[in-house]
There are 2 protein chains.
Amino acid sequence: MHSPEELRLRVETYLNELELTSELGQLREAVHYSLLGGGKRIRPVLALATAEALEVNVDHMLAAACSIELVHTFSLVHDDLPALDDDDLRRGQPSCHAKYGEAVAILAGDALLAEALRLALLYGTPEVARELTDASLGMIGGQYIDITSEVQLDSDGLVELHRLKTGKLLAAPIGCALAVAGVTPNEQRPWRTFAAELGLLFQIVDDVLDATGTAEQLGKTPGKDEAAGKVTYVTLHGIDRARQLADDARSRIEKELAGIPADTSSLYEIVATIRERRT
Amino acid sequence: MHSPEELRLRVETYLNELELTSELGQLREAVHYSLLGGGKRIRPVLALATAEALEVNVDHMLAAACSIELVHTFSLVHDDLPALDDDDLRRGQPSCHAKYGEAVAILAGDALLAEALRLALLYGTPEVARELTDASLGMIGGQYIDITSEVQLDSDGLVELHRLKTGKLLAAPIGCALAVAGVTPNEQRPWRTFAAELGLLFQIVDDVLDATGTAEQLGKTPGKDEAAGKVTYVTLHGIDRARQLADDARSRIEKELAGIPADTSSLYEIVATIRERRT
């Protein structure tokens with residue numbers, strides 16, 4: 001069992017050494033730029049930690065784990081575009097379109113999604129790629145709600161938005177690990193519950209940070225959600241109640257993990273990191 | 001063995017009845033709009049005709065065949081965006097962004113690519129989705145060359161551009177049919193040669209039509225390539241020589257088909273349609 005930090009280093013190495021499809025030509029530069037911009041790699045680390053709990057070797061899980069990071073990066077590149085969130089700053093650096101122009105950023109996003117599928121298809125079973133595709137479709141549906149919800153979302157609407165936009169790609173690491181490990185549907189239930197709660201926790205913390213963090217800490221423009229009139233857990237419930245909701249979600253997650261008969265120590269640690277992160 | 005027109009009707013029915021992922025919500029409207037805009041369905045028809053020549057049932061091939069049409073539609077939706085080709089007209093109708101706005105068009109294109117993979121992943125083998133993913137990556141590489149080649153391409157550069165941008169998705173129907181039929185790599189060679197030549201033929205004819213057609217005939221803005229200073233088979237060789245190159249490609253394709261021990265009558269008919277099309 002490796003620590004989350006050890007797993008993160010494996011992910012960084014894999015992404016650094018990843019050979020993108022040569023036919024992408026110079027577009028690979030923009031893809032690499034977006035991919036190697038120093039994210040926290042929470043999703044692939046989650047995938048590797050889940051795989052280890054399921055007694056799958058890290059080496060065998062790396063492609064599937066990193067395929068999720070590619071989809072995540074694709075979503076950021078397109079979300080940052082002027083027509084969508086219009087954000088010139090990402091992870092403390094110029095976002096893809098700010099550096100390479102809109103046309104290249106659109107194609108780089110497309111390439112990231114297709115490359116992600118290529119990695120997920122390195123396995124003998126189509127199940128890994130199915131998990132990734134379903135998660136991608138849900139995430140895209142969430143992005144659509146996000147950019148088109150002109151009326152203020154209520155509490156239920158907010159939960160649905162984040163179940164799709166954030167939750168799907170945070171659940172995908174667990175889904176992909178279950179697919180690689182070949183866990184039967186009957187045995188998947190506690191894992192799936194864990195995965196769903198994780199997305200909720202992540203989003204509440206994200207909203208709290210957006211309301212309280214600085215650009216330097218976050219590496220992106222803070223306070224954008226409230227300025228854009230977006231409903232968040234903070235605008236809806238206030239900062240103290242939002243923090244309490246995050247703690248409640250963490251408690252439910254830890255209870256769920258405790259019921260799974262496997263070594264989930266790294267997963268506990270990741271959950272703690274998600275709750276306590278400051279950036 | 002069905003005629004190309006019979007196969008086209010099967011494709012239309014399948015696409016009309018296709019249930020998109022419900023989590024896409026209202027985004028499905030923009031996806032449907034782009035998908036059901038009345039294309040010629042050359043790629044899925046090619047896939048079905050190839051499958052029948054390989055003794056695969058049409059019903060079993062429809063998902064794979066239509067997955068290619070979804071990738072093709074994805075490429076058109078993103079290619080039409082203001083940051084890329086900036087075309088407000090597609091198949092005689094407002095293009096996706098002209099009707100729904102840029103943000104929705106970007107997400108609709110993303111959804112089309114992901115839905116395409118979902119269809120390709122309905123098969124027991126990952127091989128179908130691999131063919132589709134490889135073709136998509138090549139096509140994206142071709143788009144990149146197309147939007148960034150500031151210096152005039154020479155004849156070799158033009159061939160490479162089209163091998164990727166147009167050729168990959170015209171070869172994919174054959175690749176996907178070979179995957180569904182489970183044809184061994186050794187037996188694939190003549191099919192792959194046929195597939196590669198087909199893309200070349202299609203592109204030369206496209207360039208001739210762009211130089212000679214009207215908006216009414218084409219359902220899109222004609223003469224754009226030359227106006228944009230793009231190198232085409234017509235700007236490079238003149239209209240008469242371009243037509244001769246198309247006829248030469250057709251002859252090579254028919255020779256290749258004649259050497260394949262299967263009923264390729266529908267494929268002959270499709271090749272003739274590609275050469276003789278006026279729109």
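Note that this is a predicted model, so its numbers are computed, not measured. Lettering follows sequence order; numbering is per chain, from 1.
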Region of A:Leu132 in contact with chain B, defined by heavy-atom distances below 4.5 Å:
neither
In this structure, which one of B:Leu137, B:Asp134, B:Thr133 forms a side-chain contact (heavy atoms from CB on, under 4.5 Å) with A:Leu117?
B:Thr133
Should B:Tyr144 and A:Val104 count as side-chain neighbours, where that means a heavy-atom distance under 4.5 Å?
yes
Select one option (side chain, backbone, both, neither) describing which atoms of A:Tyr123 are under 4.5 Å from chain B's heavy atoms.
backbone
Nearest heavy atoms of A:Ile140 and B:Ala114, plus distance in Å
CD1-CB, 4.3 Å
Against chain B, label A:Val128 side chain, backbone, both or neither, depending on which of its atoms sit under 4.5 Å from a heavy atom there.
neither
Please classify the contact of B:Glu115 with chain A as side chain, backbone, both or neither, using a heavy-atom distance under 4.5 Å.
both
Might you point out which heavy atoms bring B:Ala83 and A:Ala103 nearest each other, and give the distance in Å?
O-CB, 3.3 Å
For the candidates A:Leu113, A:Asp110, A:Asp79, A:Leu20, which exhibits the highest count of non-hydrogen atom pairs separated by less than 4.5 Å from chain B?
A:Asp110
At a heavy-atom distance under 4.5 Å, which candidate from A:Gly138, A:Gly141, A:Gly142, A:Gly124 has the highest pair count against chain B?
A:Gly141
What part of A:Glu160 gets closer than 4.5 Å to chain B, counting heavy atoms only: side chain, backbone, both or neither?
neither
Cut-off 4.5 Å, heavy atoms of chain B, and the answer for A:Gln26 is both
Can you say whether A:Leu164 sits under 4.5 Å from chain B via the side chain, the backbone, both, or neither, judging by heavy atoms?
side chain
With respect to chain A, which residue among B:Gly25, B:Ala105, B:Ala111, B:Ala120 yields the maximal number of heavy-atom pairs within a distance under 4.5 Å?
B:Ala111
Kindly compute the distance separating CG (A:Leu24) from CD (B:Gln143), expressed to the nearest 0.5 Å.
12.0 Å
Within the structure provided, determine whether A:Arg118 and B:Arg130 are in side-chain contact (heavy-atom separation under 4.5 Å).
no
Based on non-hydrogen pairs under 4.5 Å, which of B:Thr125, B:Leu122, B:Leu27 is most in contact with chain A?
B:Leu27
Is there a side-chain contact between B:Lys168 and A:Glu23, using heavy atoms and a 4.5 Å cut-off?
yes
Bottom line for A:Arg163: the part with an atom under 4.5 Å from chain B's heavy atoms is side chain
Quick check for you: among B:His78, B:Arg28, B:Glu102, which has the greatest number of heavy-atom pairs under 4.5 Å with chain A?
B:His78
